[in-house]
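For ligands, and for the atoms within them, numbers begin at 1 and follow the listed sequence. Quick caveat, the model's predicted, so the values are computed rather than measured.
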Amino acid sequence: MRVGATIAAPMPASDLSIIILAAGKGTRMKSGLAKVLHQAGGRPLLENVIRACQPLKPAQLLVIVGHQAETVRELAEKMDAQTALQQPQRGTGHAIQVARRAIRKSAKLAMVVAGDAALLRPQTLAALLDTHRRGEAAATILSAEVPDPAGYGRIVRDAEGRVAAIIEEKSATPEQREIREVNSSIYCFTLEKLWPCLAALRPENAHRELYLTDAIGLLRQHNERVLAYVAADPNEVLGCNTRAELAETDRVLRARKSAELMNSGVTMYLPETIFIDPDVVAGPDAVIEPGVQLLGKTRVGARCKIGAGSVLRDARVDDDAVVGAHSNLDSCRVAARAQVGPFARLRPGADIRAGAHVGSFVELKNTVLHEGAKAPHLSYLGDATIGADTNVGAGTITCNYDGIAKHETKIGRRVFIGSDTALVAPVRIGDGAYVAAGSIITENVPADALGIARGRQVNKPGWAKARRRQAAAENKHAKPAKRRASPRKTSRRASPRKALRRASRRGKTKSRRR
Ligand code: UD1
Ligand code: CA
């Protein structure tokens with residue numbers, strides 16, 4: 001993520017510990033999965049939060065874990081964050097008491113961040129820290145003005161407009177409930193001021209929990225300075241409590257990613273229908289059509305076109321390549337100027353070299369299609385190498401699996417494979433060879449040879465005509481019976497069955513030799 005110019009101190013903040021609260025269950029998600037592990041924008045909520053904190057370069061990043069502690073810890077440690085276990089979870093104030101034992105002695109400031117605030121941007125955290133430092137405050141709250149404050153703690157200010165307390169909704173008076181400035185659960189604390197207040201917290205509320213929000217009122221009672229920094233965009237700082245909020249968080253993160261790509265020179269039509277994972281890169285003048293998904297570590301080169309409805313995962317598409325509509329690419333490579341699709345399926349290990357062409361309803365797996373080679377229609381090519389400038393006809397299948405093991409098909413350069421050919425692997429076709437359409441190739445075809453392996457054609461003159469006569473006769477014969485009409489014989493000619501037999505015999509003797 002690029003860090004905006006508003007970050008005041010790109011220098012490491014050696015006096016700062018960031019504490020991320022991630023021990024809660026997230027009851028309103030109604031999920032078997034801990035809330036901070038749910039994905040938005042292609043990453044777990046907690047990962048998004050950790051990434052927003054990292055550019056501040058704190059001396060310590062401490063994640064408080066509790067619910068599904070093992071899995072949450074694994075994610076945090078993967079991202080070089082430390083963890084502390086809060087078991088049981090007795091409230092946000094209790095979480096900071098647990099954190100205290102793990103906080104570095106050198107830390108003077110702590111920033112507390114909710115583990116589900118996945119839309120947070122580093123600039124906002126930097127501005128909060130800056131406000132706190134400049135204001136020489138004991139605590140600075142990141143607050144937000146919202147149209148509907150229901151469910152949030154309210155920022156109560158005194159007659160002079162200074163922060164007096166945070167009042168949770170359940171304890172609020174009707175007048176306090178009218179306040180639209182709410183607590184984001186993100187704060188900066190000066191630790192020597194916080195510790196005495198934290199020790200004084202009492203679980204005097206409906207949930208019998210220790211509320212970190214009560215520390216604000218206590219600081220004010222000790223005449224300490226408490227500030228609030230109002231976030232420019234309330235949606236950025238508020239957490240994600242329900243599935244609907246998760247969907248909205250995902251939407252915003254996707255839109256940010258799309259905006260980032262468009263800013264770097266990528267064309268996107270109906271970007272709100274396009275779904276791009278955070279690690280995806282795309283080159284200038286690439287064109288991405290509606291309904292495309294670019295997932296995982298997909299890389300799209302300059303001037304590529306990715307057609308409508310295509311899904312690319314961990315795919316590399318080089319400059320000037322074209323992916324036609326409704327193609328599916330997974331862990332594969334499409335080199336410069338190559339064309340695939342529409343309706344192509346490239347499975348892991350598909351390697352389409354420069355200028356090669358994969359057409360519609362063609363599936364490739366673990367197969368190299370060398371420079372300029374073509375497989376334009378309806379084929380399966382698995383565990384194969386196809387030489388440069390070779391043409392693979394429609395309906396060609398590599399029979400790579402014998403029920404036990406996979407085998408290789410090797411096709412040379414400038415080969416012509418006729419349509420509807422089955423290549424029974426292991427098998428090799430030499431450079432410049434031809435394979436006749438409809439062949440079932442079980443033996444190698446030498447270079448420059450013609451391989452043909454199919455039943456000979458037999459033409460039976462008059463057979464069809466005789467067949468029609470027989471059918472008509474049987475029909476006539478049947479109808480009167482139905483109608484109970486005359487049982488009189490219907491034909492004076494020789495029996496049609498005999499004529500059909502005769503036609504068949506003629507065919508056998510007269511068929512042309514190849
Ligand atoms: C909290 C605030 C509220 C604020 C709101 C913003 C309190 C008492 N209230 O309420 O003022 O408007 O956030 O979203 O702090 N957690 C722990 N351990 C615990 C309890 C919670 O780590 O024992 C973590 C949760 O995982 C979560 C965060 O703390 O990430 C906030 O907890 P949550 O239960 O969501 O608090 P709210 O009721 O939303
Ligand atoms: Ca919350």
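Atom numbering of ligand 1 starts at 1 in the shown order; those under 4.0 Å from a heavy atom of Ser185 are 1 (C), 2 (C), 6 (C), 13 (O). Contact atoms of ligand 1 toward Ala22: 22 (O), 26 (O) (distance under 4.0 Å to a heavy atom of the residue). Those atoms of ligand 1 with a heavy atom of Ser184 less than 4.0 angstrom away are 6 (C). Under a 4.0 Å criterion applied to the non-hydrogen atoms of Gly153, ligand 1 contributes the atoms 3 (C), 4 (C), 11 (O), 12 (O). Taking every heavy atom of Gly115 and a limit of under 4.0 angstrom, the matching atoms of ligand 1 come to 30 (O).
At least one N or O atom of Gly24, backbone or side chain, sits closer than 3.5 Å to an N or O atom of ligand 1. Inclusion of Tyr211 in the set of residues having an N or O under 3.5 Å from an N or O of ligand 1 is not warranted. For ligand 1, none of its N or O atoms has an N or O atom of Leu212 under 3.5 Å away. Taking any N or O of Tyr187, backbone or side chain, none lies under 3.5 Å from an N or O belonging to ligand 1. In terms of N/O distances under 3.5 Å, ligand 1 is not approached by Asn241. The shortest N or O to N or O distance between Ile166 and ligand 1 is not under 3.5 Å. Checking only distances, Ala95 never comes within under 3.5 Å of ligand 1, N or O to N or O. On a distance-only criterion, Gly91 and ligand 1 share at least one N/O pair closer than 3.5 Å.
Checking Gln89 against His67 by side-chain atom types alone, no donor-acceptor pair falls below 3.5 Å. Side-chain N/O atoms of Thr385 and His370 include no donor and acceptor closer than 3.5 Å.
Ligand 1 does not have Gly66 within reach: every non-hydrogen atom of the residue lies 4.0 Å or more from it. Put simply, part of Thr213 is less than 4.0 Å from ligand 1, judged by heavy atoms. Look at Arg90 and you'll find a heavy atom under 4.0 Å from some atom of ligand 1.
With respect to Lys108 and Glu192, no salt bridge is recorded, no charged nitrogen being found less than 4.0 Å from a carboxylate O. Checked for salt-bridge contact, Arg220 and Asp158 meet the test: a charged N lies under 4.0 Å from a carboxylate O. We find that Asp320 and Arg337 are not joined by a salt bridge, their nearest charged nitrogen and carboxylate oxygen being 4.0 Å or further apart. Between Glu181 and Arg157 a salt bridge is recorded (basic side-chain N to carboxylate O distance below 4.0 Å). With respect to the salt-bridge test (charged N to carboxylate O, under 4.0 angstrom), the residues Glu272 and Arg251 do not qualify.
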**Report entry** Pair Arg121-Glu236, salt bridge (Lys or Arg N to Asp or Glu O under 4.0 Å): steps then yes or no
**Finding:** CA-CA 7 Å; Arg121 289 176 309 150; Glu236 182 195 320; 3.1 Å; yes
**Report entry** Full working for side chain to side chain contact (heavy atoms under 4.5 Å, CB included) between Tyr187 and Thr213
**Finding:** CA-CA 10 Å; Tyr187 325 76; Thr213 46; 3.6 Å; yes
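Sequence neighbours left out, the pairs with a member in residues 346-368 that pass ring pair (Phe, Tyr, Trp, His ring centres under 6.0 Å) are Phe343-Phe361.
Scanning for side-chain hydrogen bond (donor to acceptor under 3.5 Å, both in side chains) contacts around Asn205 gives an empty result, with sequence neighbours left out.
Looking at Lys35, Gln87, His67 and measuring to atom 35 (O) of ligand 1, the nearest heavy atom belongs to Lys35.
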